[in-house]
Structures are given as structure tokens and as C-alpha cells.
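The structure displayed is predicted, hence computed values, not measured ones.
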Amino acid sequence: MTTSEVMKELGITKQALIFYEKEGLIKPKRDVDNYRIYSNEDMDVLKFILLMRSMEISIDEIKLILNNQLSIRDALKSKKEMIDLSKDKLDDISNKINHYMLRRKVNIIIDEELRNKYDNLYVHNNCFIYDDLCISMNDIDHIDIMIKAANNENFYKIEVYYYISMDIITKKDTYSFQLMNNKHVAQFFDFLSKASIKINDPLNLVDTYKQYRNDMVGLNRYLNNHFKKWKKQHDLELQAFSLEDVYHDHSYLKRKK
């Protein structure tokens with residue numbers, strides 16, 4: 001077969017054919033015009049090479065296999081062990097990345113202390129403080145504000161709760177939080193306004209929370225009425241939660257129903 005015929009049948013490039021020839025894996029003959037002619041044996045070797053390369057077997061290993069110095073099974077077994085090891089390492093890296101990028105559920109605390117089951121994000125001395133992390137307000141480029149919803153379906157009804165999600169963007173990194181204490185969010189938005197921090201708020205949540213600061217039931221009703229539209233516009237998710245995940249901040253809904 002000619003070079004063009006081999007390329008068409010095997011879907012291989014001319015450069016690859018020349019490379020395999022230089023590596024001594026195939027030995028095509030030449031016709032009277034010095035064009036390469038590939039034998040059936042060359043084709044069998046090429047098909048084998050392509051199969052092995054599709055499983056990431058190296059050229060050096062293929063040479064050993066063709067020279068009967070390495071079995072196909074041993075080469076594949078070694079490759080699989082390497083893949084499994086790499087997969088474990090990649091899974092570990094992925095888990096570390098996911099943990100780093102995780103949106104932390106926090107209560108926003110402004111110069112006071114509140115103890116409950118969620119971590120606290122403190123605003124103190126011109127910094128956002130979370131565990132050992134201190135984000136200086138001078139380093140903040142802007143803050144993105146969005147709504148998150150979670151529902152619980154029980155025997156009686158479907159309950160939906162809303163939380164503010166907040167991404168603090170600096171030149172160095174992005175820090176993601178979910179504010180769990182809705183009753184303190186309006187106060188926090190007041191603080192951000194006074195601090196002149198740029199806020200990206202496409203749903204106008206800052207003004208909404210301020211408007212309903214003393215009417216949490218009205219706030220929940222407003223969010224209920226608008227979430228379906230927001231969900232479609234901004235590809236929001238409605239997450240599920242268990243009852244024990246609900247923060248006592250929402251007890252007002254149960255008392256006033």
C-alpha cells in the first residue's frame with residue numbers, strides 16, 4: 001500500500017509514519033520511483049502501534065513488546081497501576097481544590113460575638129475575619145451578592161429558605177460565603193454602604209433586605225415571589241437541606257404561620 005492509502009485506511013499522518021520508520025518499528029520498501037510501499041506486515045505493526053498508543057503505552061515499551069522483551073499484559077498492567085496511582089493523586093488534588101473553593105456557611109458578625117452551629121465571619125478593624133483568614137477591606141476590589149435557596153419536603157409541605165451568597169473578590173483570590181443569619185444581613189449591607197465597597201448586586205438584594213429589615217416574613221414572601229424568575233435569568237439552583245440544617249434565624253416563619 002502507498003503512503004496515502006495507509007493514511008486513509010488508518011487515519012494516521014505522514015509525519016507519524018516517518019517517525020515510526022525512523023524508530024525502526026516498520027520497514028517499508030521503496031518502488032522504482034522511490035515511493036514507500038507498506039506490506040501487510042507493516043500494516044499489522046501499525047495497527048498494533050495505534051492500539052497501544054491509544055492506551056498510552058510508550059514507544060520504548062512498544063519496541064520491547066515487538067522484540068519479545070516485554071509482554072503486552074505486563075505493559076498494560078504497569079500502565080493501569082500508574083493510572084490508578086495518578087487517579088488517587090488527582091482525586092486528592094481535586095478534593096483539596098473543592099475544599100479551598102467551598103462556599104463557607106457563616107453568620108455575619110459586626111463587632112459582636114454570636115455562638116451557634118455555623119462559623120462566624122467577623123467584620124472588625126477594617127477586616128473580614130474567618131478562622132485564620134483576614135481579608136483587608138483595602139484589598140477588596142468588589143463584592144458579588146446573589147441569592148441561594150434551599151428547600152425541605154416533608155409530609156405536610158415544601159419549605160423554602162433563602163440565604164445571601166457573597167463572593168469577596170480581591171486581586172489575590174475570591175472568598176465565598178453563605179450568610180446564614182438573615183436578621184443581620186441588612187445591618188451588614190448598611191456597613192458595606194458606609195465603607196464604600198463596590199457591590200455587584202444584579203437582583204437589588206441590598207435595597208430589598210434594607211426595606212424588609214423589620215419584616216422577615218415579608219422578606220421571605222418577596223423572595224418567594226421573585227425567585228422563579230431569578231432562577232431562570234441567573235441559572236440559580238434550589239438545593240435540598242435537612243431540618244437540622246435550618247438555622248434558628250428562620251423560626252419566625254414557623255411562629256407567625
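- Between K87 and D91 there is a salt bridge, since a side-chain N of the basic residue sits under 4.0 Å from a carboxylate O of the acidic one.
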Show me the donor-acceptor pairs, under 3.5 Å and distance only, between side chains in residues 127-138 and residues at least two apart or in other chains.
residue: Y130; atom: OH; partner: D119; partner atom: OD2; Å: 2.9
residue: S136; atom: OG; partner: N138; partner atom: N; Å: 3.2

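- Listed for the N182 side chain is a donor-acceptor partner under 3.5 Å among the backbone atoms of Y162.
- Legend: residues meeting side-chain hydrogen bond (donor to acceptor under 3.5 Å, both in side chains) with K96, ordered by chain and number and at least two apart, are D92.
- Put simply, CG on L17 and CG on L46 are 6.0 Å apart, with the number rounded to the nearest 0.5 Å.
- The shortest side-chain heavy-atom distance between L203 and H234 falls under the 4.5 Å cut-off.
- Proximity of K79 to I57: side-chain heavy atoms (C-beta onward) are separated by under 4.5 Å at one or more points.
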| Candidate pair K172 and D139, rule side chain to side chain contact (heavy atoms under 4.5 Å, CB included), full reasoning | CA-CA 8 Å; K172 179 181 179 181; D139 295 333; over 6 Å; no
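- With hydrogens and angles ignored, the 3.5 Å screen pairs no side-chain donor or acceptor of S94 with any backbone N or O of L90.
- Using a 4.5 Å heavy-atom threshold, the side chains of L10 and M43 count as touching.
- A pairwise comparison of heavy atoms in Q178 and R103 identifies N-CG, 3.7 Å as the closest pair.
- Other residues, nucleotides and ligands contribute only 12 or fewer heavy atoms inside 6.0 Å of the CE atom of M101.
- The nearest pair of heavy atoms linking M1 to E5 is CA-OE1, 3.3 Å.
- Distance OH/Y38 to NZ/K29: 14.0 Å, rounded to 0.5 Å.
- Shown here for S165 and I147, the closest heavy-atom pair between the two residues is OG-N, 4.2 Å.
- The shortest distance between side-chain heavy atoms of L205 and L223 falls below 4.5 Å.
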| request: Begin from the C-alpha positions of D42 and S39 and carry the test side chain to side chain donor-acceptor pair (under 3.5 Å) through to its verdict. | output: CA-CA 5 Å; D42 290 327; S39 65; 3.2 Å; yes
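- Transitive grouping of hydrophobic side chains (ILVMFWY, heavy atoms separated by less than 4.5 Å) brings L179 and I140 into a common cluster.
- Looking at K14, its side chain never comes within 3.5 Å of a backbone N or O of M7 through a donor-acceptor pair.
- A 4.5 Å side-chain heavy-atom check between N107 and L121 finds every atom pair outside the cut-off.
- Between atom NZ of residue K8 and atom OG1 of residue T2 there is a gap of 10.5 Å, rounded to the nearest 0.5 Å.
- Grouping the Ile, Leu, Val, Met, Phe, Trp and Tyr side chains by contacts below 4.5 angstrom, directly or via other members, places I65 apart from M82.
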Would you give me the side-chain donor-acceptor pairs under 3.5 Å for residues 20-27, sequence neighbours excluded?
residue: E21; atom: OE1; partner: R36; partner atom: NE; Å: 2.6
residue: E23; atom: OE1; partner: K63; partner atom: NZ; Å: 2.5

| said: L50 vs I12, test: side chain to side chain contact (heavy atoms under 4.5 Å, CB included). Steps then yes/no. | reply: CA-CA 9 Å; L50 294 176; I12 194 172; 4.1 Å; yes
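- At distances below 3.5 Å, not a single donor-acceptor pair connects side-chain atoms of S78 with backbone N or O atoms of D74.
- No more than 12 heavy atoms of other residues, nucleotides or ligands shown are found within 6.0 angstrom of CG on N40.
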| request: Let me see the working for Y209 and D190 under side chain to side chain donor-acceptor pair (under 3.5 Å), right down to the final yes or no. | output: CA-CA 10 Å; Y209 269 74; D190 288 337; over 6 Å; no
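- Residues L64 and I62 share a hydrophobic cluster, clusters being chains of Ile/Leu/Val/Met/Phe/Trp/Tyr side chains in contact below 4.5 Å.
- Residues R221 and D215 are not paired through a salt bridge, judged by the lack of any N-O separation under 4.0 Å between the basic side chain and the carboxylate.
- When all heavy atoms of Y175 and T170 are compared, the pair lying nearest together is CE1-OG1, 3.9 Å.
- Interatomic distance, I83 CD1 to E56 CD, rounded to the nearest 0.5 Å: 7.5 Å.
- Although no hydrogens or angles enter the test, the distance criterion places no donor-acceptor pair under 3.5 Å between the side chain of Q187 and the main chain of H184.
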| query | When you look at D207 and F189, which way does the side chain to side chain contact (heavy atoms under 4.5 Å, CB included) test go after all the steps? | reply | CA-CA 9 Å; D207 289 342; F189 286 161; over 6 Å; no
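- Within the 4.5 Å cutoff, the side chain of V206 has no heavy atoms near those of the N204 side chain.
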| said: Test side chain to side chain contact (heavy atoms under 4.5 Å, CB included) on I169 and I143; report intermediate values, then the result. | reply: CA-CA 6 Å; I169 290 87; I143 292 178; over 6 Å; no
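- If you take CD1 on I199 and CG on D144, they are separated by 10.0 Å, rounding to the nearest 0.5 Å.
- Connection of L51 to L70 is established within a shared hydrophobic cluster, with ILVMFWY side chains joined at heavy-atom distances below 4.5 Å, either directly or through further cluster members.
- No side-chain heavy atom of V160 sits less than 4.5 Å from a side-chain heavy atom of N220.
- Between W230 and H226, the gap from one ring centroid to the other is short of 6.0 Å.
- Closest non-hydrogen pair, R53 versus S58, comes out as NH1-CA, 3.8 Å.
- A donor-acceptor contact shorter than 3.5 Å links the side chain of N181 to the backbone of I108.
- Within a 6.0 Å sphere centred on CZ of R73, other residues, nucleotides and ligands contribute 12 heavy atoms or fewer.
- Here CE of M52 is found 9.5 Å from CG of L66. Values are rounded to the nearest 0.5 Å.
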| task | Begin with the C-alpha distance, continue with both residues' side-chain angles, and end with the deciding distance and a verdict on side chain to side chain donor-acceptor pair (under 3.5 Å) for D33 and Y35. | result | CA-CA 6 Å; D33 296 316; Y35 289 110; over 6 Å; no
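- Side-chain contact check for D167 versus F177: every heavy-atom pair is 4.5 Å or farther apart.
- Heavy-atom minimum distance, Y163 versus M180: CE2-CE, 3.4 Å.
- Residues F48 and I59 fall within the same hydrophobic cluster, defined by Ile, Leu, Val, Met, Phe, Trp and Tyr side chains chained together at heavy-atom separations under 4.5 Å.
- Residue E41 places its CD atom among 12 or fewer non-hydrogen atoms of other residues, nucleotides or ligands, all under 6.0 Å distant.
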